[in-house]
Amino acid sequence: MRESSETGSSRGLILGIESSCDETAAAVVRSGTTALSNVVASQMSLHANYGGVVPELASREHLRNIVPVVREAMQRANVTFADLDAVAVTEGPGLAGALLVGITYAKALTFGLDKPLISVNHLEGHIHAVLMEARERSDVPVELPLLALVVSGGHTHLYLAQQQGAGATWTYRNVGRTVDDAAGEAYDKVAKLLGLGYPGGPWIDALAPHGNPRAVPFTFGEIKHRAPREGVTNKKAPTNTEGPRFDFSFSGIKTAVLRYVETHHLREDIEVRRAALAANPLITPKDETVVKLCDQQTLDLIASFQYAVVGNLLRQTFAAAESLGARSIVVSGGVAANSELRSRLQAEADRRGVPIAFPSLALSTDNAAMIAAAAWPKLLAQNFATEGLGATPQLRLGQP
Ligand code: KG4
Ligand code: ZN
């Protein structure tokens, strides 16, 4: 580790930078444990007009935000650039143009400061958001190997994670992933279909308790992997299907909701709701008026959708944990903010006597503290990025 130039002593200070999707974020974290600052500039309201993230707009907003966001993170942490031991940045997966803004900025910064640059996989970051907070609180024992469920708008993955070697380097084995839509994507698409706001997760989370979760019996079939045709690659399919797999599929339930809407003639009510919410853009998912915009049949549909998605995530996670001998479970990513997911996973973990940890709500969604935290073991192992670092939109984490 290089010495901090101003104080002459290393304090393990890492500036993390995250720009993989629609949040420009910067944070300063000490020794992978304490977030001295955590600044997030969200573009959510911008993309809400389009019902999803528009890549060109995201890059432009990152360009606009990156300098003030980093400056604010440094000010709130009360440190100078000279105090930093390293700068960590998200390499992928994510939107190419969005990732490049953070990477180019971090490269220029470390070049100018003559400090090491560390590249971090965004998914590893989500896992370390939980590990960082669990270490700081030291209430949930995170025993290894751990099973990590990373569930967000772009990802649904299960990893078996372990620390190995003298440098205590983290290794990951992917044991489950979605073969089509991510769980958060299903939330967003179903919410849009039902005339609710974007992102859909918080709307469905807030409305589901008002419906009957057993009204519509959605089911999930077993996922079979066909051998790939020669010359055809499916980026989402596992590259190696040896050993037990705990994969997910969420495109079927989205189609089932669409079919329900059509067969139960809900279109007209949906358009009324959409218009009412469009006329009042400041309304939040938890406002009581939102419940009044939904008839009981729609609330039952929403509750049943969430009940089924959470049930599927729960079954796959605990089946994997049991089969692979995981000694603890961590859950992270935007969907980890979901109240039903948290309560049902917690209850099942308690029943089985397996420790389970979730991030605080602030660290569930994209942030840069998780990037700085994931970079800490890499700083200790002097695992630095080269000057040739570029964006890797399809970056995978671990094996296979
Ligand atoms: O991790 P994240 O901020 O960005 C990605 O890497 O995708 O996750 C955003 C996703 C969105 O799909 C959003 O609908 C979902 O997380 N989400 C939720 C909740 N809050 C956010 N899904 C279910 N329940 C929530 N409370
Ligand atoms: Zn994310």
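Residue numbers count from 1 along this sequence. Because only heavy atoms are used, hydrogens play no part in the values below, and waters and symmetry mates are left out as well, while side chains stay in. Order of listing sets the numbers, starting from 1, for every ligand and every atom in it.
As a member of the Ile/Leu/Val/Met/Phe/Trp/Tyr network built from side-chain separations under 4.5 Å, Met132 groups with Val29, Leu363.
His122 and Thr90 share no side-chain donor-acceptor pair at under 3.5 Å.
Cation-pi geometry between Arg344 and Tyr307 is met: under 6.0 angstrom from the ring centre, within 45 degrees of the axis.
For Glu348, the salt bridge (Lys or Arg N to Asp or Glu O under 4.0 Å) criterion is met by Arg351, Arg352, not counting sequence neighbours.
Taking the charged nitrogens against the carboxylate oxygens, Glu56 and Arg60 have no contact shorter than 4.0 Å, which rules out a salt bridge. Salt-bridge annotation for Lys378 and Glu124: present, with a side-chain N of the basic residue lying under 4.0 Å from a carboxylate O of the acidic one. Salt bridge annotation for Glu262-Arg259: absent, with no cationic side-chain nitrogen under 4.0 angstrom from a carboxylate oxygen.
The set of protein atoms (N, O or S) found at less than 2.8 Å from the Zn ion (ligand 2) reads His122 NE2, His126 NE2, Asp366 OD1, by chain and number.
Counting only heavy atoms from C-beta outward, the side chains of Pro93 and His155 approach each other to under 4.5 Å.
Checking Trp203, Tyr198, Phe305 one by one against Tyr187, the ring-ring contact (aromatic ring centres under 6.0 Å, His included) holds for a single residue, Phe305.
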Under 3.5 Å: N or O atoms of ligand 1 paired with protein N or O:
from, atom 1, to, atom 2, distance (Å)
ligand 1, 1 (O), Gly334, N, 3.0
ligand 1, 1 (O), Asp366, OD1, 3.2
ligand 1, 3 (O), Asp366, N, 3.2
ligand 1, 4 (O), Asp366, OD2, 3.3
ligand 1, 6 (O), Ser152, OG, 3.4
ligand 1, 6 (O), Asp366, OD1, 3.4
ligand 1, 6 (O), Asp366, OD2, 3.4
ligand 1, 7 (O), Ser152, OG, 3.4
ligand 1, 7 (O), Gly153, N, 2.9
ligand 1, 7 (O), Gly154, N, 3.2
ligand 1, 12 (O), Gly184, O, 3.2
ligand 1, 12 (O), Asp188, OD1, 3.4
ligand 1, 12 (O), Asp188, OD2, 2.8
ligand 1, 14 (O), Asp188, OD1, 2.7
ligand 1, 14 (O), Gly201, N, 3.0
ligand 1, 24 (N), Asn338, ND2, 3.0
ligand 1, 26 (N), Asp205, OD2, 2.9

